[in-house]
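Only one structure is covered here, and it is reproduced in the block below.
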Amino acid sequence: MALPKLFITLLIIAALFISQIQVQAAPTNSNLFREYIGAEFNNVKFTDVPINPNVEFHFILSFALDYDTSGNPSPTNGNFNIFWDSDNLSPSQVSSIKNAHSNVKVALSLGGDSVANGNAYFSPSSVDSWVSNAVSSLTRIIKQYHLDGIDIDYEHFQADPNTFAECNGRLITTLKKNKVISFASIAPFDDDQVQNHYLALWSKYGQQIDYVNFQFYAYDEGTTVSQFLNYFKTQSSKYNGGKVLASFCTDNSGGLKPGNGFFTACSRIKSVQQLHGIFIWSADDSKADGFPYEKQSRALLAAGH
């Protein structure tokens with residue numbers, strides 16, 4: 001009689017396991033809105049940006065860089081410094097906006113495209129030393145600024161994909177383990193070198209990454225709704241199991257524009273329960289226009305929540 005009981009027990013365990021996978025994989029929409037801020041020194045403040053109380057709202061400070069702050073910046077092997085507009089986006093202003101709006105969290109982004117007049121490179125001396133320096137320097141900045149999370153946005157590399165994966169994967173894991181941050185995101189785009197690095201990170205440490213801020217605005221300027229939907233499907237497949245966010249930019253570069261059907265595309269994604277959120281580059285560029293597309297994004301995300 002022991003064998004049938006064991007068999008039944010195994011069947012029950014298997015059924016529960018399959019059920020758990022199905023629940024985890026179940027499609028779902030989110031009311032998450034994220035926006036990068038501070039990279040262009042346009043004197044934009046948190047209080048300039050209209051905040052819908054019915055969305056989960058993340059500001060992402062841009063950028064912290066492991067470069068020195070000299071007139072000719074050079075890499076520091078994980079010793080991060082602040083390169084965003086800290087005069088207008090200070091620790092006291094972070095505390096103030098979070099105290100005023102319970103739905104607001106603030107993160108910082110690492111890397112970005114450029115520093116001074118050149119590319120900003122991911123350039124570690126070694127995995128162990130970079131991680132040690134990064135954990136120490138970022139913990140100090142995150143605590144000073146009362147931040148909640150980090151975003152990985154390196155776009156140029158002087159290291160192989162495995163080194164990139166180990167450095168940033170260990171960084172995220174350690175900061176979460178130490179309860180310094182509560183969430184982490186990555187910000188890749190459709191470029192072979194970029195994807196090779198981020199997919200290596202995703203493959204090894206995807207379980208530590210909460211959001212994929214995929215830069216859909218890095219596609220061609222004439223992107224159509226149908227092309228955007230195909231791009232979204234492709235990248236969601238590559239970052240399988242990840243919360244890939246839809247995105248556009250307000251600096252007149254590429255991708256599907258709000259005026260050309262971005263919200264139509266998002267509504268279609270939402271109709272199949274796959275809209276994990278929207279992010280925008282950037283508040284600095286939106287300030288002059290009064291943030292009309294931010295308002296539209298948040299209204300779409302808030303509907304039904």
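Side chains are part of it too, since the values below use all heavy atoms of this structure and drop only hydrogens, waters and symmetry mates. Not measured: the values here are computed from a predicted model.
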task = Establish, from distance only, whether the side-chain atoms of Gln215 and Asp153 form a donor-acceptor pair under 3.5 Å.
result = yes
4.5 Å side-chain heavy-atom contact, Phe228 and Ile269 = yes
query = Which value, rounded to the nearest 0.5 Å, describes the distance between Tyr239 atom OH and Leu201 atom CG?
reply = 8.5 Å
query = Honestly curious: do Val244 and Leu229 fall in one hydrophobic cluster under the side-chain, below-4.5 Å linking rule?
reply = yes
task = Could you tell me which non-hydrogen atom of Gln158 sits nearest to which non-hydrogen atom of Ser123, and how far apart they are?
result = OE1-OG, 3.1 Å
query = Can you name the nearest heavy-atom pair linking Asp285 to Asn42, along with the distance?
reply = N-ND2, 4.4 Å
Between Asn99 and Ser96: side-chain donor-acceptor atoms closer than 3.5 Å = no
ILVMFWY cluster, Ile142 and Tyr145 together (side-chain gap under 4.5 Å) = yes
request  = Test Tyr231 against every option in Phe214, Tyr217, Tyr219, Phe216 by the ring-ring contact (aromatic ring centres under 6.0 Å, His included) rule and name the one that passes.
outcome  = Tyr219
ask   = Would Ile60 and Ile209 show up in the same hydrophobic cluster when neighbours are defined by side-chain heavy atoms closer than 4.5 Å?
value = no
request  = Only counting residues at least two apart or in another chain, list the ones meeting ring pair (Phe, Tyr, Trp, His ring centres under 6.0 Å) with Phe291.
outcome  = none
message = Less than 3.5 Å apart, any donor N or O on the side chain of Asn162 or Lys204 sitting next to an acceptor on the other?
response = yes
ask   = With the 4.5 Å side-chain cut-off for hydrophobic clustering, are Ile186 and Leu65 part of the same group?
value = no
query = Are side-chain N/O atoms of Ser286 and Glu294 paired as donor and acceptor at under 3.5 Å?
reply = yes
key: Centroid separation Tyr36 to Phe279 less than 6.0 Å   = yes
inquiry  = If only side-chain N and O atoms count, and only distance matters, is there a donor-acceptor pair under 3.5 Å linking His58 with Glu56?
reply    = yes
query = Just checking, is any N or O donor in the side chain of His276 or Asn29 under 3.5 Å from an acceptor N or O on the other one?
reply = no
request  = Answer yes or no: is there a side-chain heavy-atom contact under 4.5 Å between Arg34 and Ser185?
outcome  = yes
inquiry  = Under the criterion side-chain contact (heavy atoms from CB on, under 4.5 Å), I'd like the reasoning laid out for Val55 against Leu32: C-alpha separation, chi angles, the key distance, then a yes or no.
reply    = CA-CA 6 Å; Val55 301; Leu32 175 63; over 6 Å; no
Min side-chain heavy-atom separation Phe164-Ile152 under 4.5 Å = yes
request  = Please round to the nearest 0.5 Å and tell me the distance separating atom OG1 of Thr47 and atom NE2 of His101.
outcome  = 8.5 Å
ask   = Is the closest side-chain heavy-atom distance between Ile278 and Leu300 below 4.5 Å?
value = yes
task = Output the distance between atom NZ (Lys233) and atom CG (Asn230), rounded to the nearest 0.5 Å.
result = 7.5 Å
ask   = Just by distance, with hydrogens left out, do Tyr198 and Asn168 show a side-chain donor and acceptor under 3.5 Å apart?
value = no
message = Can a side-chain donor-acceptor contact be found between Ser74 and Asp68 if the only test is distance below 3.5 angstrom?
response = yes
message = Just checking Phe83 against Phe63, ring centres under 6.0 Å apart?
response = no
key: Pairwise distance NZ(Lys45) to CG(Leu89) - rounded to 0.5 angstrom   = 8.5 Å
note = Trp202 and Gly241 have their tightest heavy-atom pair at CZ2-C, 4.2 Å
request  = Starting at CD of Glu40, measure out to CG of Asp284 and round the result to the nearest 0.5 Å.
outcome  = 5.0 Å
inquiry  = Between Asp210 and Lys176, does any side-chain N to carboxylate O distance fall below 4.0 Å?
reply    = yes
key: Same apolar cluster: Phe248 and Ile37, side chain cutoff 4.5 Å   = yes
key: Separation of Ile280 CD1 from Asp251 CG (nearest 0.5 Å)   = 11.5 Å
query = Side chains of Ile141 and Ile82: does their closest heavy-atom pair fall under 4.5 Å?
reply = yes
key: Side-chain H-bond candidate by donor/acceptor type, Gln193 with Glu155, under 3.5 Å   = no
query = Are Val180 and Thr174 side-chain neighbours, meaning at least one heavy-atom pair lies under 4.5 Å?
reply = no
query = Regarding Asn88 and Asn43, is there a side-chain donor-to-acceptor distance under 3.5 Å anywhere?
reply = yes
key: Qualifying residue, where the test is side chain to side chain donor-acceptor pair (under 3.5 Å) with Asn77 and the options are Ser126, Ser132, Ser129   = Ser129
